[in-house]
Amino acid sequence: MKKPKTLDENGVIKHSRKNLRANGLSSEEPSSNITSEGGVVYKEPSMYDNLLATLGSGSETFTNVNKRRQREQEGISDTEEDEDGGSELSSESEEGSADEGSDNESKHHAIGNELSGHRLVDVLEHNEEAESDEDNASDNDHVDGLEINDKTAVDASENKSSFNAHLEHTLSEQEVDDLLKRNWKFKWEVPAVDISMSKWVGTGECPLKEVGSDSAYGLKMRLYKHWLDVYNASGCRDFHSSKQRLFFSTCNSYRDVMHCNKKPFYLKGKEEDSSIMDAYIMHSLNHVFRTRDLVKKNDSKLAKHQENNKETLSVEGFLDHGFTRPKVLILLPLRSIALRVVKRLIQLTPSSHRINVEHFDRFLNEFGIGEAKDDDEMNELPSNGHVLKKSKFQKSSKPIDYQILFDGNADDHFMIGIKFTKGSINLYSDFYSSDMIVASPLGLITKIGEAEMEKEKDVAFLSSIEVLVIDHADVIAMQNWSHVKSVVEQLNSIPSKQHGTDVMRIRQWYLDGHARFYRQTILLGSYLNPDMNALFNLLCVNHQGKVKLISKYKGVLPKVLLQVRQVYERFNATSITDADDARFDYFAKKVFPKIKDSIQGGTMLFVSSYFEFVRIRNFLKAQNASFCLLGEYTKQTDISRARIWFFEGKRKTMVYTERAHFYHRYKIRGIQNIIIYSLPERKEFYPEIANMLEGSENMNCTVLFSRFDNFRLERIVGTSAVKRMLSSKKDIFVFC
């Protein structure tokens, strides 16, 4: 007996829509009575087979529609089906029922009771998206601002849409195999505008080619005109060559994008950060509105078809659904940044779509400073969506970038659904009826954990995400990057339950388990680390291809204002998995003996990760060393005590972590010598730490590195210097 492959070796589902029979088998054992010209054939039913069978049994219209689609896919005409296939389908149904027995019949009956009674037009409504006839008419009569009677212009506009080109592409098995090999070939490169020493590289054709100024750049016309009005109202000119327009074109190519040299708003990069934010917001809005318009247009056609009582209709042209409604997920690190993004999202939404912003006061209270503003504030938002409170930090000794970043609500646990309906934006919609979800990685991980613990809960609202934006990835890296990895791995999984969608209109590549190959990921941050690079290379497998920014760096050594003798010591590591052990061995054998034998105290030991912090702490305890700790999880009372002990010389060594510095930006007194066990991810921290040697007699700084520290090292000493340091036969390098 020949059994079809349902999963390949990579876990990709291989069934096709041919197997979704309205009258197919649903028993656990194959029926031996069904024969064909080639012998007995077994087709194992899936969840959707059974669901379609149920829908078919409860509605004659569903049965007719599904049979018609089967005939089209198998190349059988209506006449051939009537002549040859009718009796066969009838016998299959009768024989299958006889073999299945009462158990399966009762299962079908139970599901049928739950779903029966729905008319075709009821099921075709996309969750709560049904709107008034007036709104439907306005959206259907205009496509990107073109009159409906100009049929040629409408078709041309739709054909040019990268939205359609991306989602309607059918992947072959060879393409899937190639994507799973992750062998990306970057075929083009262009200089990055206004980003020094940087270039864009990518696969396929370059999306950054010149476009006429009369083009809408792939945007829906109403979005394009509104964006242009907002841009001009801000006092800016030459939109067509602006940063946001250029980056939007990159996003609108629907390729995976990695831009990890973005100057953030809190580091004097307000204009650049805002431009990139505007670009991905407009891309997200465009994707949501095009999705909604496509569904509404198909709803209208199918409703008219039913009014005419026609029994046959090709469903193949109406495949426009995912498993659930949410299509865009934006991951952000802090509530204050989410406030900035959502405010700008509201401002960039055309006025006709935001006559009412539901729950805006609640949103300001929960994501802002706790004081709700008037709705008029939305029309007075600054171009970057960020307002710095002058009172909180005006007397602070913290650096200005710290003040701006942590100004406002710094909570990192949040989720909010956003739904667009006729004339309104609902900021707290149910996740399953939302178009967008804005969340922190921690907020989503909590939901995923709850779903694993409680069977009645699930996170299927992540199953149909088609655009993923991870902004401020550098800040998220200071929280817990493993949460991001877990969330991305959870995306585009086939759900175990139906959540109100019309299964007859689910896109084929969703059913095939290919949704991850259609998801676009936009990864944005101020620096690149191995974790981000691994996620982009391994978990982003968009069939459209990839675009990424490659940069060279001048380094930050000139920002060390003191005459510090900086000694870089290279240790050998055979692989990236052995790098941590090699670093620890070098420290224990080469560096620590000098600390232990030294009479002088005041040694700061700087480590980048918590894992290294724990390892060094345990080692110092075992050596009965004189030390104190200042980590991200150290209690405030212990921190105060440790700083006093270190300053007074009661403890010779202080172990200080990068995350502690990120969240507190302490200025440690009493430092005589610095040992950087692992370089900081954030390049601006290096001169800050080195400048803490002010008042020291020797001003020495020792840095340990290997060839696997290339990303961090390059940002600190510069691209040209790091090449020499990694290729030289010498192991010690001195900067003064």
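A 4.5 Å side-chain heavy-atom check between Tyr686 and Leu557 finds at least one atom pair inside the cut-off. Using a 4.5 Å cut-off on side-chain heavy atoms (C-beta onward), Val295 and His321 make contact. Looking at Val459 and Phe461, their side chains come closer than 4.5 Å, going by heavy atoms from C-beta outward. Considering only heavy atoms from C-beta on, Val567 comes within 4.5 Å of Ile732 through its side chain. Two residues are said to be in side-chain contact when any heavy atoms from C-beta on lie closer than 4.5 Å; Phe323 and Ile506 meet this criterion. Considering only heavy atoms from C-beta on, Gln566 stays 4.5 Å or farther from Val703 through its side chain. Contact check for Arg516 versus Leu539: no side-chain heavy atoms found under the 4.5 Å cut-off. Between Asn529 and Asp474 the shortest side-chain heavy-atom distance does not fall below 4.5 Å.
For the 3.5 Å distance criterion, the side chains of Thr324 and Ser463 qualify, holding a donor opposite an acceptor. With 3.5 Å as the limit, one finds no donor-acceptor pair spanning the side chains of Gln244 and Tyr231. Of the N and O atoms on the side chains of Arg245 and Ser241, not one donor lies less than 3.5 Å from an acceptor on the other residue. Residues Ser551 and Ser198 bring a donor and an acceptor atom of their side chains to less than 3.5 Å of each other. For the residue pair His240 / Tyr217, a side-chain donor-acceptor distance below 3.5 Å is found, with atom types taken as modelled. Side-chain contact annotation: His166 with His543, donor-acceptor N/O pair under 3.5 Å present. For the residue pair Gln544 and His169, no side-chain donor N or O sits within less than 3.5 Å of a side-chain acceptor on the partner.
Side-chain atoms of Asn537 come within 3.5 Å of backbone N or O of Asn533 as a donor-acceptor pair. For Lys268 (side chain) and Lys263 (main-chain N/O), no donor-acceptor pair under 3.5 Å exists by modelled atom type. Counting only distance, with no hydrogens or angles, the side chain of Arg712 and the backbone of Pro680 share no donor-acceptor pair below 3.5 Å. Checked by atom type and distance alone, the side chain of Arg335 never pairs as donor or acceptor with a backbone atom of Ser440 at under 3.5 Å. Without hydrogens or angle criteria, Glu658 side chain to Val607 main chain gives no donor-acceptor distance under 3.5 Å. Checked by atom type and distance alone, the side chain of Ser434 never pairs as donor or acceptor with a backbone atom of Ile437 at under 3.5 Å. When atom types are taken as modelled, the side chain of Ser526 and the backbone of Pro264 share no donor-acceptor pair closer than 3.5 angstrom. In this structure a side-chain-to-backbone donor-acceptor pair under 3.5 Å is present from Arg182 to Leu538. Under a 3.5 Å cut-off, the side chain of Tyr402 and the backbone N or O of Tyr663 do form a donor-acceptor pair. A distance-only check finds no donor-acceptor pair linking the side chain of Ser275 to the backbone of Lys243 [under 3.5 Å].
Every pair passing ring-ring contact (aromatic ring centres under 6.0 Å, His included) that includes a residue from residues 266-293 is listed here, sequence neighbours excluded: Phe163-His287, Tyr254-His283, Tyr254-His287, Phe289-His353, Phe289-Phe420.
The neighbour count for Glu271 CD, taken as heavy atoms of other residues, nucleotides or ligands under 6.0 Å away, does not exceed 12. Within 6.0 Å of atom NZ in Lys548, more than 12 heavy atoms from other residues, nucleotides or ligands are found, so the atom counts as buried in its surroundings. Within a 6.0 Å radius of CD in Glu205, no more than 12 heavy atoms belonging to other residues, nucleotides or ligands are found.
Under 4.0 Å is where a charged nitrogen must lie from a carboxylate oxygen, and between Asp709 and Arg583 at least one such pair does. Using a 4.0 Å cut-off between charged nitrogen and carboxylate oxygen, Arg519 and Asp256 do not count as a salt-bridge pair. Salt-bridge formation is not detected for the pair Arg292/Asp435: no Lys NZ or Arg NE/NH1/NH2 atom is positioned less than 4.0 Å from an Asp or Glu carboxylate oxygen. Salt-bridge formation is not detected for the pair Asp320/Arg507: no Lys NZ or Arg NE/NH1/NH2 atom is positioned less than 4.0 Å from an Asp or Glu carboxylate oxygen. Taking the charged nitrogens against the carboxylate oxygens, Arg715 and Glu681 do have a contact shorter than 4.0 Å, which makes a salt bridge.
Rounded to the nearest 0.5 angstrom, Ile470 CD1 and Leu524 CG are separated by 9.0 Å. Distance check, rounded to the nearest 0.5 Å: CD of Glu189 to SG of Cys206 gives 10.5 Å. Taking CZ of Arg659 as the reference point, atom OG of Ser608 lies at 8.5 Å (rounded to 0.5 Å). How far CZ of Arg255 is from CD of Gln520: 10.5 Å, rounded to the nearest 0.5 Å. A distance of 4.5 Å separates CG of Leu468 from OG1 of Thr521, quoted to the nearest 0.5 Å. Residue Ile494 holds its CD1 atom at 7.5 Å from CG of Leu511, rounded to the nearest 0.5 Å.
The side chain to side chain donor-acceptor pair (under 3.5 Å) test applied to Asp585 returns no partner, not counting sequence neighbours.
Taking the centre and axis of the six-membered ring of Phe536, the NZ or CZ atom of Lys546 falls inside the cone set by 45° and 6.0 Å. Figure legend: cation-pi geometry between Arg682 and Tyr527 absent, as NZ or CZ is not positioned both under 6.0 Å from the six-membered ring centre and within 45° of its axis.
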Begin from the C-alpha positions of Val475 and Phe662 and carry the test side-chain contact (heavy atoms from CB on, under 4.5 Å) through to its verdict. CA-CA 9 Å; Val475 179; Phe662 174 77; 3.9 Å; yes

Tell me, with the steps shown, if Leu179 and Trp184 meet side-chain contact (heavy atoms from CB on, under 4.5 Å). CA-CA 8 Å; Leu179 289 170; Trp184 313 110; 3.9 Å; yes

Set out, in order, the CA-CA distance, both residues' side-chain angles and the distance that settles side chain to side chain donor-acceptor pair (under 3.5 Å) for Gln508 and His514, then state yes or no. CA-CA 9 Å; Gln508 179 62 48; His514 290 168; over 6 Å; no

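Ring to ring, Phe733 and Tyr568 are not that close: their centroids are 6.0 angstrom or more apart. Separation of the Tyr518 and Trp509 ring centroids falls under the 6.0 Å cut-off.
Classification of the Phe247-His259 ring pair by plane angle, with boundaries at 30° and 60°, yields tilted.
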